[in-house]
Amino acid sequence: MVMEVTLETARAQLAQYPGIEELDLLACDLNGILRGKRIPADSLDKVFGEGMKFPRSVLCLDIWGHDVLANGLVWECGDGDGVCKPCGPGLMPMTWSERPRLQMLTMMHNVDGTPFAADSRQVLASVVERFRPLGLTPVVATELEFYLMAGDAAGGGRPRPPAAPKSGYDLDAPRVYSMEELDEFDQVLSAIREVCRAQDLPSDTIIVENGPGQFEVNLLHVANPLLAADHAVLLRRAVRAVARRHGMHATFMAKPYGDWAGSGFHLHASLLDAAGRNVFDDGTPNGSPLLRQAVAGMIALMPESMLIFAPHLNSYRRFQPGAHAPTTASWGYENRTTSLRIPDSSNKARRFEHRPAGADANPYLVVAAILAGVLHGIENHLEAPPAVRGDAYGDDAQSTLPLPLTWDRAIQAFQSAETLPRYLGASFMRAFGTCKAQELVELGRRVTDIEYATYLGSI
């Protein structure tokens, strides 16, 4: 089901780029931040033979890069190394780099060769493997929203829209689906498309979203969830790098502006049987019983999984009624107020759209948690509640399950989860839960600017 790069393939890829002297080896940590090493290109064979070593704890750092002592990966075990081996699509060009380089994803193993169970890509790989005995293959497509900002926005700690590159007008009003704004940002958006083409990232539609300087890139579906998550991770790196080259800052922060739209990470998925048939298709618009079982499982696991979909303090600013971010575990047909939407489509394309995750979430973990819900529903033959008709935000909405809509409650729900660990594993649950708990404590110590502005001169 999962095809990973081989040494022979990587050698052939390297041969396509004569003169390349350096390779970036990338590993994704729990927060979705890419870490790794830059090595000479002539070390390619060594990487496939020996791997890339660094401490396992590096993939479980908090958002500031601090060790998480409670995860058991630092002092308790001597902060031992893991071994990252090449994975995914292999070598691909970093077309934004001033010096020509190639990059390659890696996945961490323990020194004895077993999977490192707190590596986010390994977590997804273990979930995907559980579909094999069922004779099913998940097909996944992702949609990522992001903001382009003025180039100094990150350094100053204050988000600020860029001026329109061609005409210079202020981005001060919603221009959703505006073709004029696409034209204004044509250079940077075309450069993103060129990177996608060079890296075989299956980019499809690019649209203007609701916020000032907000855009969305859709990636086409692939019958390989690991590859779909790889694509999302690599797209985020490409967008940020291309934006820098054009004097802008790109962010996948969930809610950079309090009064403007948040950035989501929507996922579409279906299941194929051994003959390549979509098992969610029963020839009707309602979809098959397996679709409803999958929906039931995702709804059941959604409260426990909320910390994965919304991993940061800022993530929870997205969840407001009427803000196109779902506030309950619910589902419906062609209903964007629910967490799970069954889009209007041809029968053979019957699928679900999962809507809670923010663009700030780790793509591997998002896909893993969603597919865990699908497995839970199918393996246990769960019954979906009635589909929501109308406004799922309303007080009278039926068949909805409350979600933890604050960070502390989501951490509590995750750490007390009973079902999710059966799919994602105890090692990951400990590493991720302690990471988020440490971040919560640290942010709780920090006095905010709004507190100074409100209280310092008044009391």
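- Exactly one of Arg158, His249, Arg160 qualifies for a side-chain hydrogen bond (donor to acceptor under 3.5 Å, both in side chains) with Asp152. That residue is Arg160.
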Practice task
Start with the C-alpha distance between Lys436 and Leu30, add both sets of side-chain angles, then the distance that settles side chain to side chain contact (heavy atoms under 4.5 Å, CB included), and finish with yes or no.
Solution key: CA-CA 10 Å; Lys436 295 294 123 182; Leu30 292 179; over 6 Å; no
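- Counting heavy-atom neighbours within 6.0 Å of Trp64 CH2, excluding the residue itself, gives a total above 12.
- Around CZ of Arg409, the count of heavy atoms belonging to other residues, nucleotides or ligands within 6.0 Å does not exceed 12.
- In terms of modelled atom types and a separation under 3.5 Å, the side chain of Glu145 and the main chain of Glu209 share no donor-acceptor contact.
- Atom CG of Leu313 and atom NZ of Lys255 lie 14.0 Å apart (nearest 0.5 Å).
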Exercise for the section: Kindly determine whether Glu4 and Arg121 satisfy salt bridge (Lys or Arg N to Asp or Glu O under 4.0 Å), including the steps that lead there. Expected result: CA-CA 12 Å; Glu4 304 284 24; Arg121 197 176 189 275; 2.7 Å; yes
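- Contact check for Pro138 versus Phe131: side-chain heavy atoms found under the 4.5 Å cut-off.
- One distance of note links CG of Leu420 with CZ of Phe428; it measures 7.0 Å at 0.5 Å rounding.
- Atom NE2 of His66 has more than 12 neighbouring heavy atoms from other residues, nucleotides or ligands inside a 6.0 Å radius.
- Checked by atom type and distance alone, the side chain of Trp407 pairs as donor or acceptor with a backbone atom of Pro311 at under 3.5 Å.
- The closest donor-acceptor contact from the side chain of Asp360 to the backbone of Ala310 lies at 3.5 Å or more, if one exists at all.
- Proximity of a side-chain donor or acceptor of Ser458 to a complementary backbone N or O of Tyr455 within less than 3.5 Å is not detected.
- With contacts defined as side-chain heavy-atom distances shorter than 4.5 Å, the pair Asp67/Leu61 qualifies.
- Minimum interatomic distance between Tyr393 and Gln320 (heavy atoms only, all atoms of both residues): CE2-O, 4.2 Å.
- Between His376 and Tyr423 there is a side-chain heavy-atom pair separated by less than 4.5 Å.
- Rounded to the nearest 0.5 Å, atoms CG (Leu456) and CG (Asp449) are 11.0 Å apart.
- Applying the side-chain hydrogen bond (donor to acceptor under 3.5 Å, both in side chains) test between Arg56 and each of Asp79, Asn71, Asn110 identifies Asn110 as the sole match.
- Within a 6.0 Å radius of CD in Glu451, other residues, nucleotides and ligands contribute more than 12 heavy atoms.
- Screening Leu307, Asn31, Ile308, Leu424 against Leu365 for a side-chain contact (heavy atoms from CB on, under 4.5 Å) leaves a single residue, Ile308.
- The backbone N or O of Asp344 sits less than 3.5 Å from a side-chain atom of Glu334, completing a donor-acceptor pair.
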Handout entry: From CA spacing to verdict: side chain to side chain donor-acceptor pair (under 3.5 Å), Thr284, Asn286
Key = CA-CA 5 Å; Thr284 74; Asn286 291 330; 4.5 Å; no
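- To the nearest 0.5 angstrom, Ser330 atom OG is 10.5 Å from Arg355 atom CZ.
- The aromatic rings of Phe432 and Phe414 sit perpendicular to each other, their planes meeting at more than 60°, with 30° as the lower class boundary.
- One N or O on the side chain of Gln122 and one on the backbone of Met108 form a donor-acceptor pair closer than 3.5 Å.
- Annotation for Trp260 and Gly211: closest pair CE3-CA, 4.2 Å, computed over non-hydrogen atoms.
- For the pair His266/Arg341, no side-chain contact is recorded, criterion being any heavy-atom separation below 4.5 Å from C-beta on.
- In the displayed structure, Gln415 atom CD is contacted under 6.0 Å by more than 12 heavy atoms of other residues, nucleotides or ligands.
- In this view, Ser288 and Phe280, Asp282, Leu290, Leu291 satisfy the side-chain contact (heavy atoms from CB on, under 4.5 Å) rule, not counting sequence neighbours.
- Nearest approach of Gly262 to Arg318, heavy atoms of both residues: CA-CG, 4.1 Å.
- Rounding to the nearest 0.5 Å gives a distance of 11.0 Å between CG of Asp24 and OG1 of Thr106.
- At least one side-chain heavy atom of Val208 sits under 4.5 Å from a side-chain heavy atom of Phe215.
- Two residues are said to be in side-chain contact when any heavy atoms from C-beta on lie closer than 4.5 Å; Arg130 and Glu379 meet this criterion.
- The backbone N or O of Pro174 lies less than 3.5 Å from no partner atom in the side chain of Asn210, so there is not a single donor-acceptor pair.
- From Leu443, atom CG reaches atom CD of Gln438 across 11.0 Å, with rounding to the nearest 0.5 Å.
- Side-chain contact between Asn347 and Arg350 is present, with at least one heavy-atom pair separated by less than 4.5 Å.
- A donor atom on one side chain and an acceptor atom on the other are found under 3.5 Å apart for His268 and Glu143.
- Heavy-atom contacts from other residues, nucleotides or ligands closer than 6.0 Å to CG of Asp112 number more than 12.
- Residues Met302 and Phe309 are in side-chain contact: their nearest non-hydrogen atoms beyond the backbone lie under 4.5 Å apart.
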